[in-house]
Number of protein chains: 2
Amino acid sequence: MKPSARAKLLDAALGTIREKGYSATSVDDLCARAGVTKGAFFHHFKSKDALAVAAADHWSETTAGLFASAAYHDPADPLDRILAYVDFRKSLIDGEIAEFTCLVGTMVQEAYGASDDIRGACWRSIAGHAETLEADIAAAIEKYNVGGITPESLALYTQASIQGAFILAKAKNDPGVAIDMIGHLKRYIELLFKPEGREARRP
Amino acid sequence: MKPSARAKLLDAALGTIREKGYSATSVDDLCARAGVTKGAFFHHFKSKDALAVAAADHWSETTAGLFASAAYHDPADPLDRILAYVDFRKSLIDGEIAEFTCLVGTMVQEAYGASDDIRGACWRSIAGHAETLEADIAAAIEKYNVGGITPESLALYTQASIQGAFILAKAKNDPGVAIDMIGHLKRYIELLFKPEGREARRP
DNA sequence: CTTTCGATACCAACCGGTTGGTATGTTGTC
DNA sequence: GACAACATACCAACCGGTTGGTATCGAAAG
């Protein structure tokens, strides 16, 4: 089955918007990259903003598949699963910057004030992914007897740290700085759950 | 002394670019907000990109003044100074999102691939500000005998966390989530330097 | 089985408005 | 009168979006 124009446009959007930003990406850019015409674009999306919302949703589904099938869910200990997630995020940082950075994190900075639909789609993507971490965090909080944080808050903080790491990588034009930043995130989680000299509460 | 067109344009850029993003901000937008004409714009800046570089530099100078005169430098203990800095950053999060978020963090996401001059100016702004934290971090590392991190890396991580907090605030359209994220940054620094003094543990 | 018909998918050409940028003044100051 | 600091008028290219039309399909009618 040959890919439809709609699917090709969505894939083109993931790449082009991460390279050039949302506003700087023209409808013609997307059509050229997807190999379709403008008529096809506006047949499938009623506006450029509507494509952005669809692209954010497409991004959510794509990344959800990637993370659901990843190996970081395997460890028996919930803290180990969280740390494996962080390591997995670190391992994804490779190659061109536009290939490992986050579509919705890029897009929401430009669109939050102009389109509530786009902003909402980006938030759903970020918050929805963060939610997939909450069960492990809640289990680790229970097992290691940690107070003062909520699973939701820490899950969102992992995403904030990673988004910030991407910004620094773009600014320095160096993926290495993003890896270094995520190292701090990992250290925070380790310190939070395993302070020196204390062991986990044995069940 | 009445403000020159150049100064008015730079001030207009700080506001407008944070509201709408760099690409979506037109030269006409800036001229209208600054109350000057297009001729004045291109008299002072040879291109829109050149204004972006100047705006990033102007941002660096403006924020440098704000932070240099802030009270967080007062505590005698270097760790207290770092924590006071984090509290100060938290206290700045108030009002409209475009008023407390970071110009260069917003701009670099759009421009890193298109203009190396803009990207470099943004990196200088972020890295330059991070450097102002390094002396206190180095002193705290020495005083509290902490290993495994460098002052430069931790200083950059504070900026990454804060930039990520801004992204989440934009996505959720809620400054509160940014404040919550910076709370995690503060906890990380506390755990890093004072692992034995954890207050957050449940009895 | 064939024909008709409506719906979907797609295309090339085009539209009015906006874009960053320029060319040519005019004004105020030394 | 020289020169910086603006303003006015303008342009070619590009923008998001619309137009009228074609190709291809499955379902239903004959």
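In the text below, chain A, chain B and the rest are named by the order of the sequence lines, each starting its count at 1.
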Considering only heavy side-chain atoms of A:His43, the closest of C:dA9, C:dG21, D:dC15 is C:dA9
Could you please name the option among C:dC10, D:dG17, C:dT22 that lies closest to any side-chain atom of A:Phe42? D:dG17
Could you check how far NE2 of A:His44 sits from P of C:dA7, rounded to whole Å? 18 Å
Nucleotide C:dA13, atom P - distance to CG of A:Asp28 in whole Å: 14 Å
Distance, rounded to the nearest Å, where A:Lys46 contributes NZ and D:dT19 contributes P: 16 Å
Look at the side chain of B:Lys38 and decide which nucleotide, out of C:dG21, D:dA5, D:dA7, has an atom nearest to it. C:dG21
Assign A:Thr25 to base, sugar-phosphate, or nothing according to its heavy-atom contacts below 4.0 angstrom with the strands shown. sugar-phosphate
Using the side chain to side chain donor-acceptor pair (under 3.5 Å) rule, take A:Tyr85 and A:Arg89 through it: C-alpha gap first, then chi angles, then the decisive distance, then the call. CA-CA 6 Å; A:Tyr85 166 78; A:Arg89 292 304 301 258; 2.9 Å; yes
Around A:Asp74, counting heavy atoms of other residues, nucleotides and ligands shown, do more than 12 lie under 6.0 Å from its CG? yes
How long is the line joining NZ of B:Lys48 and P of D:dC15, in whole Å? 13 Å
Figure out the NZ/C1' separation between B:Lys8 and D:dA7, and round it to whole Å. 13 Å
Under the salt bridge (charged side-chain N to carboxylate O under 4.0 Å, His left out) rule, what do A:Arg119 and A:Asp116 come out as? Steps first, then yes or no, please. CA-CA 5 Å; A:Arg119 184 201 58 72; A:Asp116 217 56; 3.0 Å; yes
Specify the separation, in whole Å, of atom CZ of B:Phe45 and atom C1' of D:dA5. 13 Å
Taken to the nearest whole Å, CG/A:Leu30 to C1'/D:dC15 is 13 Å
Between D:dC15 (P) and A:Asp49 (CG): distance, integer Å: 16 Å
Check whether A:Phe41 forms a cation-pi arrangement with A:Lys48 (NZ or CZ under 6.0 Å from the six-membered ring centre, at most 45° off the ring normal). no
Picking from D:dC6, D:dG16, C:dA9, which would you name as closest to the side chain of A:Ser26? D:dG16
